[in-house]
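As the structure is a prediction and not an experimental result, all values here were calculated from the model. In what follows, every heavy atom counts, from backbone to side chain, and hydrogens, waters and symmetry copies are set aside. Proteins get letters first, then strands, A, B, ... in listed order; numbering begins at 1 in each.
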Protein chains: 2
Amino acid sequence: MSSTRAEASTGTQAVDRAAALVETVVHADAPLSFADLQAASGLAKSTTSRMLAALERGGLLERDAGGSYVAGSLFWLYAARHDPWEELVRLARPALERIGEETSESVHLSVARGDKVVQVAQVDSRYLLGTRDWTEIDVPAHTSALGKVFYAWQALPVPAGPLAALTENTITDPALLVRDGQRARQRGWAVTDGELEIGLSGVAVPVHGARGDVVAALGISGPTTRLEDRLEELGKNLSSHATQLSTLLRGSAPKEGVA
Amino acid sequence: MSSTRAEASTGTQAVDRAAALVETVVHADAPLSFADLQAASGLAKSTTSRMLAALERGGLLERDAGGSYVAGSLFWLYAARHDPWEELVRLARPALERIGEETSESVHLSVARGDKVVQVAQVDSRYLLGTRDWTEIDVPAHTSALGKVFYAWQALPVPAGPLAALTENTITDPALLVRDGQRARQRGWAVTDGELEIGLSGVAVPVHGARGDVVAALGISGPTTRLEDRLEELGKNLSSHATQLSTLLRGSAPKEGVA
DNA sequence: CCGTCCTGTTCCATGTTGTGGAACGCTGGT
DNA sequence: ACCAGCGTTCCACAACATGGAACAGGACGG
């Protein structure tokens with residue numbers, strides 16, 4: 001009856017249903033009541049009850065103080081052992097590569113760590129002349145499009161004092177940086193033009209996490225001569241990929257496995 | 001046959017077995033082959049195969065390039081959404097509170113983040129005179145017992161250049177810091193005495209993660225006058241709690257739920 | 001204070017669904 | 001080409017999960 005996914009193979013509905021329950025709980029990162037889960041699964045109360053009990057026993061689910069279900073100890077054990085960016089990168093990698101193919105330029109993924117901006121993944125340009133790998137290299141946030149994203153979307157506070165000038169184009173006045181951020185938000189993407197290195201341009205957009213907060217920035221960089229006339233195209237391209245990534249972070253569950 | 005846990009209730013063996021498979025995979029954070037899992041579970045090949053397929057479908061498991069099983073998308077989704085320290089703190093909180101009750105002093109939990117040491121949780125002293133909340137406050141690592149733990153157990157490299165002197169007691173020579181660390185390792189705990197602030201002492205021990213690496217430091221701080229004669233007692237107390245915490249991190253799976 | 005409603009758990013007969021042995025593909029080794 | 005793992009699919013059997021109904025706790029509300 002009902003509908004669910006109709007994916008079932010044979011001889012596995014118990015496990016399939018159980019997995020669906022766990023998936024429901026993990027997706028909704030808020031605690032879910034028994035009733036919620038019962039409704040969401042469409043199973044009989046008795047079945048739901050037995051399954052939840054089994055899942056709890058197995059450490060996949062857990063009950064909070066109010067008796068609602070949340071992800072169990074296996075999940076936090078996993079989380080405690082693994083770097084969260086590792087997961088982000090994993091989720092994002094395919095997107096980065098597609099963008100790389102579409103634009104032929106270097107693609108970057110950055111996160112805010114404390115009050116700094118750190119690159120966590122990069123796909124290299126196809127051109128000989130391109131941005132080199134700067135994963136884990138410290139670049140002042142106000143000089144790269146990636147960094148500006150965090151300022152523009154207020155994931156990082158704009159520094160108070162005057163900022164270091166790396167080139168004649170670098171924005172050193174915090175007030176101007178704020179204005180720059182406002183424009184970026186309106187446009188949907190942040191840009192940089194020779195503010196880090198003369199001749200180096202970049203475009204970047206925010207990646208929103210499950211709760212709408214900015215968790216990362218996705219960007220492209222390359223020689224100004226190749227980018228300056230394509231900023232809009234690139235920005236839109238990045239935006240669409242970022243949206244998909246956000247959806248992934250929100251929902252996960254790759255529709256199809258590998259080929 | 002076999003043995004497993006004999007925990008089963010009724011009408012849930014499929015889910016129980018499936019959960020056991022997931023648990024096995026998550027605990028061994030290395031990829032496990034089909035054969036490993038089949039052996040570990042003691043199930044028939046066919047059953048194992050069907051279950052693994054179902055779990056994979058449900059996003060609880062996933063196959064790496066070599067076809068071995070690793071934790072699935074639900075796990076990394078969870079990890080990507082949750083701060084790993086959140087989990088660490090969650091696991092550690094009860095221990096911190098117990099130590100606080102036993103010693104009446106301020107208790108701290110720190111982790112190494114990049115090359116810095118950050119406090120992630122604290123329980124306040126019961127005395128009026130005590131260490132105030134320094135969660136997220138930057139304290140030079142070489143001046144606190146917490147920080148010294150990371151140097152001593154080589155979770156962080158000892159800086160090369162001379163170190164900032166905050167008081168007349170501060171160790172500024174890296175070589176001396178290394179020697180200090182060696183003593184700490186032999187003893188089992190690191191101490192600081194007026195090296196951060198005159199009159200402020202601290203004791204701290206490492207918390208080992210699943211693979212034996214130092215993931216955090218657990219420490220006590222307070223006025224030297226109250227601590228100096230109890231260093232050994234405090235160090236031993238901390239050690240025993242840290243060991244328990246390590247076990248938690250290694251195994252997880254709280255034997256009993258709540259009361 | 002007792003009834004009522006809503007929670008979730010336990011019981012039980014039913015037959016659907018999971019089970020494991022064996023047969024079957026696949027891949028890689030020699 | 002043949003053989004030796006390795007994993008999936010097939011199949012008849014019955015064990016196990018299933019869901020309706022009865023049951024046990026609370027939480028309200030009159």
Just checking B:Ala53: base, sugar-phosphate only, or nothing, at a heavy-atom cut-off of under 4.0 Å?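 The answer is nothing, as B:Ala53 stays clear of every strand by at least 4.0 Å.
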Who passes side-chain contact (heavy atoms from CB on, under 4.5 Å) against [X], sequence neighbours left out?
X       : value
A:Thr24 : A:Leu32, A:Leu37, A:Ala40
B:Arg63 : B:Glu56, B:Tyr69
A:Ala92 : A:Leu109, A:Leu245

All side chain to side chain donor-acceptor pair (under 3.5 Å) counterparts of [X], not counting sequence neighbours:
X       : result
A:Asp36 : A:Ser33
A:Arg90 : B:Glu62
A:Glu97 : none

Between the protein and nucleotides 25-29 of chain D, list every N/O to N/O distance that falls short of 3.5 Å.
none

Smallest heavy-atom separation, B:Val111 atom then B:Ala216 atom, equals CG1-CB, 4.1 Å
Which atom of A:Leu21 lies closest to which atom of A:Ser41, heavy atoms considered: CD2-CB, 3.8 Å
Return each pair, listed once, that meets salt bridge (Lys or Arg N to Asp or Glu O under 4.0 Å) where at least one residue sits in residues 236-248 of chain B; pairs must be two or more places apart or across chains.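 Output for this query lists B:Glu232-B:Lys236.
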About how many Å separate CZ of A:Arg93 and CG of A:Leu88, when rounded to the nearest 0.5 Å?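 So the gap between those two atoms works out to 10.5 Å.
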Gap between atom CG of A:Leu43 and atom OG of A:Ser49 - 0.5 Å precision: 11.5 Å
Report the end-to-end axis angle of the helix from C:dC1-D:dG30 to C:dT30-D:dA1; each axis comes from five terminal pairs, and the value is rounded to 10°. 40°
Ring pair (Phe, Tyr, Trp, His ring centres under 6.0 Å) partners for B:Phe75, two or more places apart: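 B:Phe75 satisfies ring pair (Phe, Tyr, Trp, His ring centres under 6.0 Å) with A:Phe75, A:Tyr78 only.
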Between D:dT9 atom C1' and B:Leu52 atom CG, what is the distance in whole Å? 15 Å
When you list every nucleotide of DNA chain C with an atom under 4.0 Å from a heavy atom of chain B, which one comes first 5' to 3', and which comes last? C:dG18 to C:dG21
Regarding A:Arg230 and A:Glu233, does a basic nitrogen lie under 4.0 Å from an acidic carboxylate oxygen?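 So A:Arg230 pairs with A:Glu233 through a salt bridge.
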Write out a two-atom table: protein N or O, nucleotide N or O from nucleotides 14-19 of chain D, distance below 3.5 Å.
unit_1: D:dC16; atom_1: OP1; unit_2: B:Gln13; atom_2: NE2; d: 3.0
unit_1: D:dA17; atom_1: OP1; unit_2: B:Thr12; atom_2: N; d: 3.3
unit_1: D:dA17; atom_1: OP1; unit_2: B:Gln13; atom_2: N; d: 2.3
unit_1: D:dA17; atom_1: OP1; unit_2: B:Ala14; atom_2: N; d: 2.7
unit_1: D:dA17; atom_1: OP2; unit_2: B:Gly11; atom_2: N; d: 3.2
unit_1: D:dA17; atom_1: OP2; unit_2: B:Thr12; atom_2: N; d: 2.7
unit_1: D:dA17; atom_1: OP2; unit_2: B:Gln13; atom_2: N; d: 3.4
unit_1: D:dT18; atom_1: OP1; unit_2: A:Gln13; atom_2: OE1; d: 2.8
unit_1: D:dT18; atom_1: OP1; unit_2: A:Arg17; atom_2: NH1; d: 3.1
unit_1: D:dG19; atom_1: OP2; unit_2: A:Thr47; atom_2: OG1; d: 2.4
unit_1: D:dG19; atom_1: N7; unit_2: A:Ser46; atom_2: OG; d: 2.5
unit_1: D:dG19; atom_1: N7; unit_2: A:Arg50; atom_2: NH2; d: 3.0

